[in-house]
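Shown next, in structure tokens, is the structure this report addresses.
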Amino acid sequence: MAKPYNHREIEEKWRKEWEKHPVNVNDGKKPKYYCLDMFPYPSGNGLHVGHWRGYVISDVWSRYKMLNGGHYIIHPMGWDAFGLPAENYAIKMGVHPAKSTAENVANIKKQINQIAALYDWDMEVNTTDPDFYKWTQWIFVKMFRAGLAYEKEMPINWCPSCKTGLANEEVVNGKCERCGADVTKKNLKQWMLRITKYADRLLNDLDKLDWPEKVKKMQTDWIGKSYGAEVDFPVEGREEKITVYTTRPDTLYGATFMVLAPEHEMARGLATPDMREAVEQYIYDASMKSNVDRLQDKEKTGVFTGSYAVNPINGAKIPIWLSDYVLADYGTGAIMCVPAHDDRDFEFATKFHIPIVQVIAQDGKEIENMTQAYTQASGTMINSGDWNGMESAVLKKEAPAMIEKMGAGRKTVNYKLRDWVFSRQRYWGEPIPIVHCPKCGCVPVPEEQLPLLLPEVESYQPTGTGESPLADIEEWVNTTCPVCGAPAKRETNTMPQWAGSSWYFLRYVDNKNEKELVSREKADRYLPVDMYIGGVEHAVLHLLYSRFYTKFLYDIGVIDFDEPFTKLFNQGMITGKNGIKMSKSKGNVISPDDLVRDYGCDSLRLYELFVGPPELDSEWDDRGIDGVYRFLTRFWKLVLDNKDQDVKETKEMKKLRHRMIHDITQRLENFSLNTVVSGFMEYNNKMIEMAKGGGIDRETLKTAVVLLSPFAPHISEELWRELGGSDSVFHAVWPSADQEAMADEEKEIAVQINGKTRTVVKLPVDIGREEAIAAGKEALGSKLSGNIVKEIYVPGRIINIVAK
RNA sequence: GCAGGAGUGGCGGAAUGGCAGACGCAUCAGACUCAAAAUCUGACGUAGGUGACUAUGUGUGGGUUCAAGUCCCAUCUCCUGCACCA
């Protein structure tokens, strides 16, 4: 009788051994492979089984790359510890965020260590560590000097619950991404990052990336590049012109009115005396609307300014309106309206009785009473002066140049991407290293004075006034100008959580460097990230910001690559019952701790993968873990019972072995990790059957152990030693499949009549077509009747007799 | 509204256009046991038949094909993202 599988004993034994003698060592010769997890923010709730899955996936991949290719694996872990969640948690618990963060880090680290992943804690980083945020601030100073960071007063997204401004990317359906409160507008002086300057590169370089198409598309849509023209409309009786942006310059003749956003700088001035009161009222009302209201009120509202503009193409006098369906911060904040060919303009024109002029023939004709806009750019131009008879689709492309030629505008492109609102009116973040000097203006803190430490403060609760809690600390705020020495004030806003996470992956490989963010030598050797694993929720946040930062650092020569993450994998979410997201408030959080205790780390690792395809969401159900535990127990017994039997390898065993190598490797390469686990079960069953039959050879068992090792490291290491391995299984070489050894001599072939399987025949694989069909017919016997119309033979697959 | 993904047994899920339901969970029966657990063996889409078998079956309706879960068209439902971006 073999000794029973005692997961606790084995896992503890190898955990200690690996701690003493790490299996992943850098000898300076091996090729590197950088496999990265999105680092967690250390919340007080600890890890649940969903977090585990991501870390298991990355560790399996890391160990596979170690075995297959002999890589030195860079697999670090750190803490995204600044920001709202950490601060909100601290406020709730009534402790200082630094303290609660440290506690949470310690707790989660303990949990992460249960995964038995290859994490190299020497590389650990923490975004709240001054040695780390020194460089977060350093990047900001560099951006400021490059003109990429600037101050601007404007109405920004404001979360009344978190009491801070938010970036565009942090507003989801008009609500705060973090807390779900309705986002309002607030006029604040803000630090902005000019990410829009990188819009084209961020868009074009997506082509270089091995990322899920979904994420690429989300970023493409978010950047939202469009081609069109700016057209200048003179205001009647005045010097000024109103410039609009349009993607449909072909419809210029159909512009019968124009609309400005209520926030447009010319909005007030355009009001004629009799309209002044109504215009003021409308502008005021619009300013009071929250994002949610603005999204929900689909019904168009608006007010006529009393002024008219002149359509530069035909001299038509057209009324100028204000409406909040025009966005102030996109394009020029003003549009020309072509009700015949735009749904929104049509709705507006209908409501306010503005003429509708059709300029593209629909189905070859002009429609008498339009009931809806014809929005397609296909058809012949009508009512369009010189442009009559042209094809709309052609004109759409040519019109910008034509308009430019006549001096009425210019060809242009636009992006939906907005500059990044970078200030937060909160305590728990990196202080923005800027001094406001009455004489010199905004002056960055000199680099040698960084880090600018976040001061201790008595009340770190948000003030809600639009000022950060730092503003109350006079001895900190009052300073002198680094340039002229005059009394000056420090910037009191802090950076958003994304600041540290936008570049942390660069720091891991040189985390103790006091002189540089990362040494060029180490960057060249270990970066960029080869494989990045995490949830899809950061598609237009962290993943976009990181690309922006990386491109900037490339531009200033810190690194020699301009994309941070070569390959990206998005794992699905693990939910509770009925697909409900795990959360403490719903009480459906499943902690991995008990499962590790009862079933072991190896079982949980396997089960995390077995629950479903890694890229899809999966509902967690504890019961299934018994299945993988049984598998490990059966495999354990198989190996121990047969390791000393000295069975001679047969052709069948060799075939089984190579098929196993082939199937497992292929599924692994395809990232189909759930079917890798089921594959192990399948081959285990086959090996058990074989062992019962006439025994099983040692080589096959050893191969199975190596294949299993990235998934269930402890049991594999133990069995490897039982099989005579003197060194770690992780120093073994990933086996490769021999096609010849896998080949069958005979194959079972389904024999069909009219596409329905009637019987099965066993045929040599190299049989000819005629013999195969003859054998098939013979096997069918009397089932075959009628006239044979056609005979199909697909070698190794199927015989189909078509009969009438 | 637009874009993307998904719909397969009681459940999670497998299937380069070629024998649908691998693998696992649950369930049922049997073996072992004084008994239970564990373990082992077997059954397990639906309908009919003692039976070998027959019919039917991958959201719905059409189509292409010798052959469709897989390809095409239409349609329904669910999920995700974007959403007045001119």
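The model shown is predicted, which means the values in this text are computed figures rather than measured ones. Chain naming here is simple, since letters A, B, ... match the order of the sequence lines and numbering starts at 1 in each.
Each of K241(A), K411(A), R410(A) was checked for a salt bridge (charged side-chain N to carboxylate O under 4.0 Å, His left out) with E230(A), and the lone residue meeting it is R410(A).
Classification of the F352(A)-W321(A) ring pair by plane angle, with boundaries at 30° and 60°, yields tilted. Ring geometry for Y629(A) versus Y5(A): interplanar angle of 30 to 60°, hence tilted. Ring geometry, F711(A) versus F680(A): the interplanar angle exceeds 60°, so the pair is classed perpendicular (tilted spans 30 to 60°). Taking the six-membered ring where tryptophan is involved, the planes of H538(A) and H542(A) are perpendicular, since the angle between them exceeds 60° and thus also 30°.
A sub-4.0 Å separation between OP1 or OP2 of C40(B) and a side-chain N or O of R630(A) is absent. For N685(A) and G24(B), the shortest distance from a side-chain N or O to OP1 or OP2 is below 4.0 Å. The shortest distance between the side-chain N/O atoms of Y330(A) and the OP1/OP2 oxygens of A86(B) is below 4.0 Å. For the pair R758(A) and A55(B), the criterion of a side-chain N or O lying under 4.0 Å from OP1 or OP2 is met. Within the structure, a side-chain polar atom (N or O) of K692(A) is placed less than 4.0 Å from OP1 or OP2 of U41(B).
Put simply, CD on E615(A) is 17 Å from P on U80(B), counting in whole angstrom units. Between the CZ atom of R53(A) and the P atom of G12(B) there is a distance of 15 Å, rounded to whole Å. Rounded to an integer number of Å, the gap from E177(A) CD to G81(B) P is 11 Å. The CD-P distance, from E682(A) to G13(B), rounds to 18 Å in whole Å. As a whole-Å value, the separation of I625(A) CD1 from G24(B) P is 16 Å. Taking atom NZ on K216(A) and atom C1' on U80(B), their separation rounds to 20 Å, with Å as the unit.
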Set out, line by line, the N/O atom pairs under 3.5 Å between protein and nucleotides 64-67 of chain B.
from: C66(B); atom 1: OP1; to: K790(A); atom 2: NZ; distance (Å): 3.2
from: C66(B); atom 1: O2'; to: N800(A); atom 2: ND2; distance (Å): 3.1
from: C66(B); atom 1: O2; to: N800(A); atom 2: ND2; distance (Å): 2.6

Every protein N/O within reach of nucleotides 56-59 of chain B N/O, cut-off under 3.5 Å:
from: U56(B); atom 1: OP2; to: K756(A); atom 2: NZ; distance (Å): 3.4

Check the interface with nucleotides 3-9 of chain B: list each N/O to N/O pair with the protein under 3.5 Å, or write none.
from: A3(B); atom 1: O2'; to: K217(A); atom 2: NZ; distance (Å): 3.0

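Legend: residues meeting salt bridge (charged side-chain N to carboxylate O under 4.0 Å, His left out) with D617(A), ordered by chain and number and at least two apart, are absent. In this view, R667(A) satisfies the side-chain hydrogen bond (donor to acceptor under 3.5 Å, both in side chains) rule with no residue, not counting sequence neighbours.
The CG atom of L544(A) lies 9.0 Å from the CH2 atom of W222(A); values are rounded to the nearest 0.5 Å.
Residues R53(A) and M573(A) approach most closely at NH2-O, 4.1 Å, considering heavy atoms.
Here D345(A) lies out of heavy-atom contact (under 4.0 Å) with every strand. Nucleic acid contact class of E748(A) (heavy atoms, under 4.0 Å, all strands): base. Base engagement by F610(A) is indicated by at least one non-hydrogen atom pair under 4.0 Å involving a base atom. Residue contacts for S226(A): at a heavy-atom cut-off of 4.0 Å it reaches the sugar-phosphate backbone alone, with no base atom in range.
Within the structure, every pair that satisfies the side-chain hydrogen bond (donor to acceptor under 3.5 Å, both in side chains) test and touches residues 248-261 of chain A, not counting sequence neighbours, is listed here: R248(A)-D250(A), D250(A)-S392(A).
When the nucleotides A14(B), C23(B), G81(B) are ranked by their closest atom to the side chain of T675(A), A14(B) comes out on top. Distances from the side chain of T757(A) to the nucleotides A14(B), A26(B), C19(B) place C19(B) closest. Residue R634(A) has its side chain nearest to C40(B) when only A15(B), C23(B), C40(B) are considered.
Because its NZ or CZ atom is both nearer than 6.0 Å to the ring centre of Y683(A) and within 45° of the ring axis, K686(A) counts as a cation-pi partner of that residue.
Residues D622(A) and Y607(A) bring no donor and acceptor atom of their side chains to less than 3.5 Å of each other. Between the side chains of Y325(A) and E347(A), no donor N or O sits under 3.5 Å from an acceptor N or O.
Comparing the P positions of A43(B) and C53(B) gives an interatomic distance of 14 Å, to the nearest angstrom. Rounded to whole Å, the separation between the P atoms of G59(B) and G13(B) comes to 15 Å. Separating the C1' atom of A31(B) from that of A20(B) is a span of 33 Å, rounded to the nearest Å.
In this structure, U58(B) makes no Watson-Crick or G-U wobble pair, since no nucleotide meets both defining distances under 3.5 angstrom.
In this entry the base of G9(B) is syn relative to its sugar, with a glycosidic angle within 90° of 0.
Nearest-nucleotide positions on RNA chain B for D626(A) and V760(A) put V760(A) closer to the 5' end.
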